[in-house]
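Lettering follows sequence order; numbering is per chain, from 1. In this text the structure is predicted, and so the values were computed from the model without any measurement.
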There are 2 protein chains.
Amino acid sequence: MANQVPGTQSFSRSIGLLQHICDRATPPNLQNLLEECAFTRPTLYRLLAGLEAENLITQTRDKRFKPGVRLINMARTALTQSDIRDISREALIKLRNQTRETVHLAVPSGEGLVYIEKIESLETVRMSSTIGTFVPLHSSGVGKAYLSALPEDDLAAFLRDADLRPITRFTTTDASRLRTQIMTCRMQGFIFDNQENEEGIACFGAAILDDQLRPIGAISVSVPLFRLNEDESHYSAPLLECVRGLSGGIG
Amino acid sequence: MANQVPGTQSFSRSIGLLQHICDRATPPNLQNLLEECAFTRPTLYRLLAGLEAENLITQTRDKRFKPGVRLINMARTALTQSDIRDISREALIKLRNQTRETVHLAVPSGEGLVYIEKIESLETVRMSSTIGTFVPLHSSGVGKAYLSALPEDDLAAFLRDADLRPITRFTTTDASRLRTQIMTCRMQGFIFDNQENEEGIACFGAAILDDQLRPIGAISVSVPLFRLNEDESHYSAPLLECVRGLSGGIG
DNA sequence: CAGAGATGTCCATATAATGGACAAAGATTT
DNA sequence: AAATCTTTGTCCATTATATGGACATCTCTG
């Protein structure tokens with residue numbers, strides 16, 4: 001969170017501000033930002049002016065700040081250039097067909113993962129649904145699957161430092177319980193997540209590994225609880241087949 | 001393009017670099033960037049380190065730089081917070097149903113417009129298709145429609161300064177011809193664009209106005225040439241109805 | 001219309017960003 | 001295998017840049 005890289009303070013501040021504006025449920029005005037961010041008034045003005053000049057934010061009529069469309073344009077190219085996404089699409093579609101449920105592909109971003117692909121039925125899918133959504137490592141199938149593929153040192157560091165905040169009332173917030181789950185995942189190659197990230201949704205997750213067995217992302221199958229098949233292997237078998245097909249072949 | 005806003009040089013540089021990395025067809029390495037951008041070696045290193053620390057870019061194994069997934073996450077919120085998109089969705093679907101053709105919604109970004117919504121058939125639509133794509137003002141239906149709704153001063157300034165580069169071999173590259181087309185659009189409320197932005201695709205565009213009659217975006221109906229209906233009003237009538245319904249009601 | 005609060009700008013200062021110059025690591029030649 | 005060249009990465013003095021205290025202006029409210 002702090003400014004690790006020397007010589008980039010102002011950039012880091014600007015991006016932090018942009019992120020804050022993006023994260024707000026409702027577009028903030030200057031007052032809000034002054035209170036919520038630790039910037040002095042002139043600094044805030046400058047940062048905002050810089051962001052606006054780059055079309056990264058826009059002002060509404062009533063002087064509120066919203067994310068700008070430049071971001072959407074940049075994101076398009078980011079998605080286009082994501083080779084893991086291209087490579088895995090076919091396999092994801094197959095997995096969706098086998099399980100008949102929604103499948104997601106997530107890759108690391110910051111402290112967690114971000115969904116970069118979603119395959120559901122043949123209905124309209126667009127970015128606003130879930131592509132681009134951030135998911136914490138501790139509360140999601142993809143997250144725990146990813147954790148389970150991390151080297152022991154990194155996992156230990158995560159469990160020590162992470163903020164295991166509850167996302168739903170089912171979220172695991174206890175580090176040792178989380179470790180147990182992760183160990184189970186290491187054993188069986190996948191994890192079952194019961195409503196930890198979204199109430200009413202269970203989910204099976206498994207990691208995609210590169211040729212050095214380091215995780216590069218994770219795949220999940222999400223199932224509405226009411227229609228969850230008793231037989232776990234109905235989901236886990238195709239899922240494992242899917243990630244095995246992808247692992248090693250990427251990067 | 002130059003750094004207009006004082007006190008934001010380094011930020012502007014960083015974003016410029018990010019944009020350049022996004023724009024590259026193939027991920028650049030350090031060497032490429034050094035040649036293509038006007039940065040000294042140490043500066044480039046710093047900017048890259050800053051971008052990477054913020055997850056805005058990632059390095060591939062072979063030291064090439066690609067856009068990072070943080071962008072996708074931010075873009076999601078940008079789309080979510082776009083009220084024009086929410087407000088117009090219903091009307092766009094209706095327009096698609098009436099014309100049976102693909103419809104787009106575009107809003108200003110930088111020198112041109114960016115598509116922020118697309119409604120085609122009931123087939124899968126995802127961001128990588130066209131949402132997020134930048135379109136120039138002079139070569140597209142949405143662009144010219146937008147121009148036609150600009151105050152005369154702004155239009156004149158655009159025609160004077162703009163770089164009317166050909167996008168296809170049908171693109172209007174002559175300012176006075178462009179003005180004629182725009183005047184036609186002002187008269188009839190919509191514009192017909194014949195393959196100027198994409199070969200084989202014709203398109204009808206019309207602007208959405210706010211309550212002060214300033215353009216806030218534009219809508220287009222795109223038709224593959226081979227199935228273009230002779231009767232223009234087949235497209236223009238629903239299009240005009242659509243933008244009239246939306247204009248004034250936004251902002 | 002006075003007072004309080006919010007909004008916007010200036011500019012001296014400190015510090016963060018800059019880039020010339022050097023070092024280290026790889027590649028290529030003799 | 002040594003020598004030379006090329007590429008890649010880092011240091012640090014310098015200065016231009018970003019910073020924020022202070023002041024000006026505009027906007028409510030009683």
Side-chain angles (χ1 to χ4, degrees), chain A residues 1-22 24-68 70 212 251, chain B residues 1-22 24 26-68 70 211-212 251:
Chain A
M1 206 104 296
N3 172 32
Q4 297 98 337
V5 182
T8 59
Q9 188 200 76
S10 75
F11 176 71
S12 164
R13 284 178 158 195
S14 295
I15 293 298
L17 177 59
L18 177 59
Q19 182 74 62
H20 182 82
I21 291 172
C22 286
R24 284 273 309 206
T26 151
N29 59 21
L30 204 100
Q31 189 67 9
N32 298 329
L33 293 174
L34 271 172
E35 286 160 10
E36 293 157 18
C37 309
F39 299 127
T40 60
R41 176 181 295 279
T43 297
L44 186 57
Y45 270 97
R46 248 180 323 99
L47 298 184
L48 288 170
L51 288 169
E52 191 166 17
E54 293 291 345
N55 286 296
L56 294 168
I57 59 171
T58 46
Q59 282 196 54
T60 62
R61 176 148 333 165
D62 57 336
K63 307 260 180 183
R64 292 175 170 277
F65 299 93
K66 291 198 317 180
R70 171 94 172 269
Q212 285 157 71
Chain B
M1 206 107 298
N3 172 31
Q4 296 99 336
V5 181
T8 58
Q9 188 200 73
S10 75
F11 177 71
S12 164
R13 285 177 158 194
S14 295
I15 293 298
L17 176 60
L18 178 59
Q19 182 74 60
H20 182 82
I21 290 172
C22 286
R24 285 271 312 204
T26 152
N29 59 21
L30 205 101
Q31 189 68 11
N32 297 329
L33 293 174
L34 227 34
E35 287 160 8
E36 293 157 18
C37 309
F39 299 126
T40 60
R41 175 181 294 281
T43 296
L44 186 57
Y45 270 98
R46 247 179 325 98
L47 298 184
L48 288 170
L51 289 169
E52 191 167 18
E54 293 291 344
N55 285 297
L56 294 168
I57 59 171
T58 46
Q59 282 196 53
T60 62
R61 177 148 331 167
D62 57 336
K63 306 257 180 186
R64 292 175 170 278
F65 298 92
K66 290 197 318 181
R70 171 92 172 269
D211 48 15
Q212 285 157 69

request  = Using the closest heavy atom to pick a nucleotide of DNA chain C for each, name whichever of B:Leu47 or A:Lys63 lands nearer the 5' end.
outcome  =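 Its nearest nucleotide lies further toward 5', so the answer is A:Lys63.
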
request  = Please tell me which of the listed nucleotides, C:dT7, D:dA22, D:dG9, lies nearest to the side chain of A:Pro42?
outcome  =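 Nearest listed nucleotide: D:dA22.
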
inquiry  = Measuring from the side chain of B:Gln31 (C-beta onward, heavy atoms only), which nucleotide among D:dG20, D:dT8, C:dG8 has the closest atom?
reply    =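 From the listed options, D:dT8 comes nearest.
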
Would you tell me if any nitrogen or oxygen in the side chain of [X] comes within less than 4.0 Å of OP1 or OP2 on [N]?
X       : N      : answer
B:Thr40 : C:dT18 : no
A:Ser10 : C:dA16 : no
A:Gln9  : D:dT17 : no
B:Arg13 : C:dG19 : yes
B:Arg41 : D:dG9  : no

Distance in angstrom units between [X] [atom1] and [N] [atom2], rounded:
X       : N      : atom1 : atom2 : value
A:Tyr45 : D:dA22 : OH    : P     : 18 Å
A:Leu34 : D:dG21 : CG    : C1'   : 14 Å
B:Glu35 : D:dT8  : CD    : P     : 10 Å
B:Arg46 : D:dC11 : CZ    : P     : 13 Å
B:Leu33 : D:dT8  : CG    : C1'   : 14 Å
B:Leu30 : D:dT10 : CG    : P     : 11 Å
B:Leu44 : C:dA17 : CG    : P     : 16 Å
B:Leu48 : C:dA17 : CG    : P     : 15 Å

request  = Pick base, sugar-phosphate or nothing for A:Phe39, based on heavy-atom distances below 4.0 Å to the nucleic acid.
outcome  =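 Nothing: the residue A:Phe39, judged by heavy atoms under 4.0 Å, touches no strand.
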
key: Close side-chain approach of B:Thr8 to A:Ser10, heavy-atom, < 4.5 Å   =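 Side chain of B:Thr8 against side chain of A:Ser10, heavy atoms only: no contact under 4.5 Å found.
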
query = Hey, are the side chains of B:Leu44 and B:Leu17 touching, using non-hydrogen atoms and a 4.5 Å cut-off?
reply =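 Side-chain contact under 4.5 Å: yes.
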
task = Walk me through it: do A:Leu33 and A:Leu48 pass the test side chain to side chain contact (heavy atoms under 4.5 Å, CB included)?
result = CA-CA 10 Å; A:Leu33 293 174; A:Leu48 288 170; 4.0 Å; yes

query = Judged by atom type as modelled, is there a donor-acceptor pair below 3.5 Å linking the side chain of A:Arg70 to the main-chain atoms of A:Glu54?
reply =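 A pair under 3.5 Å: yes.
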
query = Sub-3.5 Å donor-acceptor pair from the side chain of B:Arg64 to the main-chain atoms of B:Pro27, do we have one?
reply =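 Yes, the answer is positive, given that a donor and an acceptor are paired below the 3.5 Å cut-off.
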
